[in-house]
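Notes to accompany the following structure.
Note on naming: letters A, B, ... go to the chains in the order of the sequence lines (proteins, then strands), and numbering restarts at 1 for each one.
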Amino acid sequence: MFGAFRPSAPLSGGLLWKIPWRISAPQKLRQRRRLRRVDNVVAVLDTALQRHALSSSSQPTPFTSSADSSSPPSDPSARLDNKTPTSSIATREELLVTAQGQRFLQSEASAGQSRQRATREEAAEAQRTGTIKLIERWKAEMPTEAEMLPRDKYTMFDRKEKKYRKGVHKLPKWTRVSQRVNPPGY
Amino acid sequence: MPYLRITLLRSAIGLPKPTLGVLKALGLRKRLATVYHPVSPSVAGQVFRVKELVDVQEVEERLTREEMREWRRPESGFWVEKRVGGDRGGEGKILGQSVR
């Protein structure tokens, strides 16, 4: 009953996760600071690259030319990636039967097109301002800490949870990964 | 020539292997290590991959290890105004270095 080997929950039950369901106020504070720190890193990279592009445009260096030549091959791979989500479990013919399926197909197609257009715009914007596509995409898609809702800062989507939300602190390595956006509608 | 001063603040232990590879490519071997890289799209992409782990600043000059050490060194907290019995009164010197 007592002593070092008493049958407590962690000893008798094997693996027991002891993550509280609720994130604490200091954890939230540190989470906000981490978000701001990442925002700051992206902003510093952005300004540094833009300044670098401005200064190197007057005296062209071999580096910018190599960057220009390397950017076009990266586009086809991005487009290939965009095609994959459209392949769903139900076939196209099955979906075309119902109105709901047709709406779904339409939304899928428009989403795919807009995504492709977005990547192309990001690449063009990156070339124009001298930054890289990754950063342009981040700026276009990711809200900054100030723009985020508290809901998105401290909780995240989970399909297995009641009401589809769980604390962001349940995410493995949550202090070192960026988890900002959730599926549309959730 | 502008440089990016990159300091590793968070370790990549337990993160996916490519993350460790990026840190190795940047020359960051342990926490609080600082490296300087010229501003370029490729370096920016590398830093972007590990943006949650590092602190970045754009600086004009790259400092050597010794210079960074001197820059970090806190002020001694005292200065000698006048030596007792010394022939050079008023001029403060400690260990051959002039101090304020």
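Salt bridge status for Arg137(A) with Glu141(A): present, with a side-chain N to carboxylate O gap under 4.0 Å. A salt bridge does not link Glu66(B) to Arg69(B): none of the charged nitrogens lies less than 4.0 Å from a carboxylate oxygen.
Proximity to chain B (any heavy atom under 4.5 Å) is shown, for Thr175(A), by both the backbone and the side chain. Leu49(A) touches chain B through backbone and side chain together, each having a heavy atom under 4.5 Å away. When heavy atoms are compared at a cutoff of 4.5 Å, Leu134(A) approaches chain B by way of both its backbone and its side chain. Of the two parts of Ile135(A), the backbone and the side chain both hold a non-hydrogen atom closer than 4.5 Å to a non-hydrogen atom of chain B.
Heavy atoms from other residues, nucleotides or ligands lying under 6.0 Å from CZ of Arg36(A) number more than 12.
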Donor-acceptor pairs under 3.5 angstrom involving side-chain atoms of residues 24-39 of chain B: please list them, not counting sequence neighbours.
unit_1	atom_1	unit_2	atom_2	d
Arg31(B)	NE	Leu9(B)	O	2.7
Thr34(B)	OG1	Thr7(B)	OG1	3.3
His37(B)	NE2	Leu26(B)	O	2.8

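With sequence neighbours excluded, the residues forming a salt bridge (charged side-chain N to carboxylate O under 4.0 Å, His left out) with Glu58(B) are Arg51(A), listed by chain and number. For Tyr154(A), the ring-ring contact (aromatic ring centres under 6.0 Å, His included) test picks out no residue, with sequence neighbours left out.
Residue with the most contacts toward chain B among Thr47(A), Val44(A), Asn40(A), Thr131(A): Val44(A) (heavy-atom pairs, distance under 4.5 Å).
Between Lys166(A) and Glu161(A), the closest heavy-atom pair is CB-CG, 3.7 Å.
Within residues 176-186 of chain A, the residues that have a heavy atom under 4.5 Å from a heavy atom of chain B are Arg176(A), Val177(A), Ser178(A), listed by number.
For the pair Lys51(B) and Trp138(A), the cation-pi criterion (under 6.0 Å, within 45° of the ring axis) is fulfilled.
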